[in-house]
Protein chains: 2
Amino acid sequence: MVTLFHHPLCPHSRFVRLLLGEYGIEPRLIEEKTFERRPDFLALNPAGTTPVLIEADYVVPGAEVIAEYLDETRGLGLGRHRLLPDDPIERIEVRRLYDWFARKFFQEVSDWLITEKVTKRYMTRAQGGGGPDMEVVRVARSNIRYHLRYIGYLAGRRNWLAGDRMTHADLAAAAQISCIDFLGDVPWEEDEAAKLWYARVKSRPSFRSLLNDRLPGLAPAAVYADLDF
Amino acid sequence: MVTLFHHPLCPHSRFVRLLLGEYGIEPRLIEEKTFERRPDFLALNPAGTTPVLIEADYVVPGAEVIAEYLDETRGLGLGRHRLLPDDPIERIEVRRLYDWFARKFFQEVSDWLITEKVTKRYMTRAQGGGGPDMEVVRVARSNIRYHLRYIGYLAGRRNWLAGDRMTHADLAAAAQISCIDFLGDVPWEEDEAAKLWYARVKSRPSFRSLLNDRLPGLAPAAVYADLDF
């Protein structure tokens, strides 16, 4: 039995939900509002961040730690669909792109948009809540455009972002993008190759539970759950 | 032959220099000022960050990618001194703490102190250079105190930060701390256990080249290279 502490619009949690879907694992999902800094949750992960995966007595905190753990304990079982290549040389590009999307894209786009447009709605004033800072939103919306071009550049030259097979890189990128798509802030018309790549990832069965995510008082954009966006 | 693009006070580069030292590899070091955004360097690592390791035709960008690559290609050769444990379960704690120091400590302490006190000295006004913002420096100096207590807490209960053996976790923490120690901003008197742990890491032969680092116009703090600080 696998339990996942997550938040619906935490892109790192979404990446792990996609991973678990690819491994055929249906986790028990527990929603965590990290800004509440719940002591029981901090005991599981002192860093106070989602996702945290629990399996048997093991606590596995952090998306990348979880991804490596799942690969090390179950990766070989996926055969040629393994999400981290067998070859250490091929892993370099997968991990480079994982880092690009989970860190760089997150810092330049998703963290800002999600904090301003979502998280602050659910926070009290004392917790830092309030209306979105539209200047921050504007910069993030501008930043996403070069990331989308980069996805299009990679997807136009390779079958998947890091090479011939779907890997952690695709799932990490799609997890980040999906949050922004929920908010309606992905300018899909600007890059056809990026759009085609995302349509392929979005069609995977592992993606379904993400497309059903709803937040109180916040409807997803019209294209969000549409596989023919 | 291994080449490493680095910067003397880039903590992520220092982590890789420590790793290479532990593996007995003496790299050719090339100093890179990432804020110059040199096109040839961006071609190696589009993210524009140090460190980048080159071995034969392979470009390995990013400290964590490099650490995993070195473990996968050479880890078994270290035998029981392997820096990432054989057991996937033991790896969870090592990677959790790697993440803690390389990301959380960096974001809350080192990035701010190094940017304000060092990087901005070497940047032009147009690049964002100038005098340090002392409010930022003050917050970072306050943040380091709880990180130091956390190191002391871990080191007081275990032989090394993540368990019985020295791992990536110790080298990542020491690499971050060493930059702050260069600047004289580690309040060592506040945690004896943390200080004893750092003295042990600092005494390793792999640490020597770090202690010899000098920057133009910026002398290290008096305790920096002292093994009996």
Side-chain angles (χ1 to χ4, degrees), chain A residues 12 42 44-49 51-76 84-108 111 146-147 149-151 153-154 162 168-169, chain B residues 12 42 44-49 51-76 84-108 111 146-147 149-151 153-154 162 168-169:
Chain A
H12 314 298
L42 291 172
L44 292 176
N45 182 14
T49 51
V52 175
L53 183 143
I54 315 275
E55 177 164 44
D57 289 339
Y58 307 126
V59 179
V60 195
E64 189 163 19
V65 182
I66 294 170
E68 298 282 348
Y69 168 79
L70 290 173
D71 179 74
E72 283 167 358
T73 54
R74 293 166 170 90
L76 289 174
L84 201 55
D86 296 332
D87 180 1
I89 299 300
E90 290 179 34
R91 290 179 167 214
I92 295 170
E93 182 67 350
V94 174
R95 289 191 175 119
R96 178 183 80 82
L97 289 173
Y98 173 83
D99 196 67
W100 183 285
F101 292 103
R103 312 249 150 70
K104 191 172 174 63
F105 184 97
F106 178 71
Q107 280 169 17
E108 296 174 358
D111 190 18
Y146 92 86
H147 283 286
R149 280 202 304 278
Y150 192 43
I151 290 174
Y153 168 85
L154 294 169
H168 288 177
Chain B
H12 314 298
L42 290 172
L44 292 176
N45 182 15
T49 51
V52 175
L53 182 143
I54 315 276
E55 177 165 44
D57 289 338
Y58 307 127
V59 179
V60 195
E64 188 163 20
V65 182
I66 294 170
E68 298 282 347
Y69 167 79
L70 290 173
D71 179 73
E72 284 167 358
T73 54
R74 295 167 170 90
L76 290 173
L84 201 54
D86 295 332
D87 180 2
I89 300 300
E90 290 178 36
R91 289 178 168 215
I92 296 170
E93 182 67 350
V94 174
R95 289 192 174 118
R96 178 184 80 82
L97 289 172
Y98 173 83
D99 197 65
W100 182 285
F101 292 104
R103 312 248 150 70
K104 191 172 174 63
F105 184 96
F106 178 70
Q107 279 168 18
E108 297 173 358
D111 190 17
Y146 92 88
H147 284 286
R149 281 202 303 278
Y150 192 43
I151 290 173
Y153 168 85
L154 294 169
H168 288 176

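A, B, ... follow the sequence lines: proteins, then strands. Residue 1 opens every chain.
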Enclosure of A:Tyr146 OH (heavy-atom neighbours >12, cutoff 6.0 Å): yes
Non-neighbouring partners of B:His12 that pass side chain to side chain donor-acceptor pair (under 3.5 Å), sequence neighbours left out: none
All side chain to side chain donor-acceptor pair (under 3.5 Å) counterparts of B:Glu68, not counting sequence neighbours: B:Arg95
Region of [X] in contact with chain B, defined by heavy-atom distances below 4.5 Å:
X	answer
A:Val59	backbone
A:Glu64	side chain
A:Gln107	side chain

Interatomic distance, A:Glu55 atom CD to B:Ile92 atom CD1 [nearest 0.5 angstrom]: 9.0 Å
Residue among B:Ile89, B:Val60, B:Ile66, B:Asn45 with most heavy-atom pairs under 4.5 Å to chain A: B:Ile89
Nearest heavy-atom neighbours spanning B:Arg103 and A:Asp99: NH2-OD1, 4.1 Å
Chain B interface, residue from A:Pro46, A:Gly62, A:Pro61 that has the most non-hydrogen pairs under 4.5 Å: A:Pro46
Toward chain A, the part of B:Tyr150 with a non-hydrogen atom under 4.5 Å: side chain
